[in-house]
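To keep things clear, I will list the structure first and then write my remarks on it.
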Amino acid sequence: MKKLPRSFYDRDTIRVAQEILGMHLVHRNGNIERIGRIVETEAYLGEHDLAAHSAKGRTPRTEIMFGPPGHAYVYLIYGMYHCLNIVTEKEGHASAVLIRALEPIQNCDGRTSGPGLLCNAMHITKACNGQDLLSDELFLIEPFPKPILRQNQDKIFIAKRPRVGVDYARHWAKRLLRFSIRGNAWVSRK
DNA sequence: CTCGGGATGCGT
DNA sequence: CGCATCCCGAGG
């Protein structure tokens with residue numbers, strides 16, 4: 001059970017969004033350790049991606065997206081829910097992977113199918129914004145046995161769909177940038 | 001300063 | 001489909 005290194009995040013965002021499926025997200029809060037297995041993600045591809053927050057340019061909110069890879073970008077949506085993203089690629093790319101659903105593994109406090117719900121269940125709030133994922137509070141590990149997910153077996157294991165709730169993003173809304181483990185019961189909006 | 005809308009989720 | 005609920009970003 002090894003913490004994923006910086007180099008894992010410092011790669012093409014679509015690759016990260018797919019290969020992060022099956023990894024375990026760990027949040028240590030107080031003396032409680034919560035763990036969920038990532039089963040659904042979305043890729044947000046930098047300033048040119050009209051669906052990405054970074055498309056509006058560098059602002060106080062999106063600052064983290066423009067920073068180095070392997071950090072958490074957490075924001076509040078609709079005044080009620082938090083969403084967890086993981087910054088990818090070189091500093092300045094302003095790309096990230098949104099974590100959309102988890103399979104509960106340990107100490108999850110409520111439902112985990114949906115980006116807002118999983119943050120509630122994992123007790124992830126804006127206090128986690130900017131967290132380095134090489135820290136001991138919030139990080140990812142590759143569980144053992146290693147998940148059998150390979151790029152050349154996408155058709156078997158990874159479902160690809162358009163992203164949710166980004167109809168305003170014109171042609172970017174049509175791209176298949178939402179990834180999930182095919183057949184997994186914890187994927188959102190079945 | 002105001003104001004409109006949003007990478008959501010739940011109840012009807 | 002409506003609504004809860006509030007931060008953010010744009011514009012005056």
Side-chain angles (χ1 to χ4, degrees), chain A residues 9 11-21 23 25 27 34 36-67 69-89 92-104 108-131 133 138 140 158-181 184-190:
Chain A
Y9 307 105
R11 295 185 300 149
D12 174 76
T13 303
I14 293 176
R15 260 185 89 89
V16 176
Q18 293 183 62
E19 294 186 13
I20 213 169
L21 294 172
M23 300 298 180
L25 173 68
H27 184 210
R34 301 176 206 275
R37 178 174 178 250
I38 297 172
V39 300
E40 182 181 353
T41 63
E42 282 178 1
Y44 286 86
L45 307 182
E47 289 181 272
H48 301 295
D49 179 352
L50 295 177
H53 287 178
S54 54
K56 305 271 186 181
R58 192 187 283 255
T59 66
R61 181 174 66 149
T62 60
E63 190 70 22
I64 301 296
M65 280 191 83
F66 286 81
H71 291 256
Y73 168 46
V74 181
Y75 65 91
L76 187 65
I77 186 80
Y78 301 128
M80 310 174 76
Y81 296 99
H82 294 277
C83 289
L84 170 65
N85 302 254
I86 293 170
V87 179
T88 56
E89 307 203 34
H93 267 249
S95 298
V97 172
L98 170 67
I99 308 302
R100 284 197 56 89
L102 301 173
E103 179 178 331
C108 288
D109 191 6
R111 293 199 280 168
T112 55
S113 296
L117 289 176
L118 77 86
C119 283
N120 281 343
M122 293 286 287
H123 289 220
I124 289 168
T125 67
K126 282 185 78 173
C128 302
N129 191 35
Q131 260 278 356
L133 297 180
L138 186 65
L140 275 73
I158 302 181
K160 302 176 183 180
R161 297 192 176 81
R163 294 174 292 185
V164 173
V166 297
D167 293 341
Y168 59 86
R170 302 192 294 174
H171 65 283
W172 285 94
K174 300 191 183 81
R175 293 194 55 180
L176 304 180
L177 294 173
R178 175 186 174 209
F179 308 104
S180 60
I181 295 179
N184 187 282
W186 297 92
V187 171
S188 71
R189 301 209 182 178
K190 285 195 302 194

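So that the names make sense, note that chain A is the first sequence line, chain B the second, and so on, each numbered from 1. These values consider heavy atoms only, across backbone and side chains, with no hydrogens, waters or symmetry-generated copies.
- Per the geometry, NZ belonging to A/Lys126 stands 15 Å off P belonging to B/dA7, to the nearest Å.
- Remark: C1' of B/dG9 and CD of A/Glu40 are 14 Å apart, rounded to the nearest angstrom.
- In terms of modelled atom types and a separation under 3.5 Å, the side chain of A/Glu42 and the main chain of A/Val164 share a donor-acceptor contact.
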Problem - Candidate pair A/Ile14 and A/Arg175, rule side chain to side chain contact (heavy atoms under 4.5 Å, CB included), full reasoning - result: CA-CA 11 Å; A/Ile14 293 176; A/Arg175 293 194 55 180; 4.1 Å; yes

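- Checking side-chain atoms of A/Ser113 against main-chain N and O of A/Trp186 turns up a donor-acceptor pair under 3.5 Å.
- Atoms CZ (A/Arg163) and P (B/dT8) sit 12 Å apart, rounded to a whole Å.
- Atom CD of A/Glu42 and atom C1' of B/dG6 are 14 Å apart (whole Å).
- Interface residues of residues 69-85 of chain A facing DNA chain C, ordered by number: A/Leu76, A/Tyr78, A/Gly79, A/Met80; criterion, heavy-atom separation under 4.0 Å.
- With rounding to whole Å, A/Leu117 atom CG is found 14 Å from B/dG11 atom C1'.
- A donor-acceptor pair is defined here as one N or O able to donate and one able to accept, closer than 3.5 Å; such a pair exists between the side chain of A/Ser54 and the backbone of A/Ala94.
- Exactly one residue among A/Ile158, A/Val187, A/Ile20 makes a side-chain contact (heavy atoms from CB on, under 4.5 Å) with A/Phe179. That residue is A/Ile158.
- A/Arg100 places its CZ atom 11 Å from the C1' atom of B/dG9, with the value rounded to the nearest Å.
- Nucleotide B/dA7 has no partner under the Watson-Crick or G-U criteria, as no pair reaches both atom distances under 3.5 Å.
- Distance from the side chain of A/Arg111 is smallest to B/dC10 among B/dT8, C/dG9, B/dC10.
- Here the P atom of nucleotide B/dT8 and the CG atom of A/Asp167 are 11 Å apart, to the nearest Å.
- Here the side chain of A/His82 pairs no donor or acceptor atom with the backbone of A/Cys119 at under 3.5 angstrom.
- Rounded to whole Å, atom C1' of C/dC7 lies 11 Å from atom NE2 of A/His53.
- OP1 or OP2 of C/dC8 has not a single side-chain nitrogen or oxygen of A/Thr59 nearer than 4.0 Å.
- When atom types are taken as modelled, the side chain of A/His27 and the backbone of A/Leu138 share no donor-acceptor pair closer than 3.5 angstrom.
- Counting any heavy atom pair closer than 4.0 Å across all strands shown, A/Arg61 reaches sugar-phosphate atoms only and no base atom.
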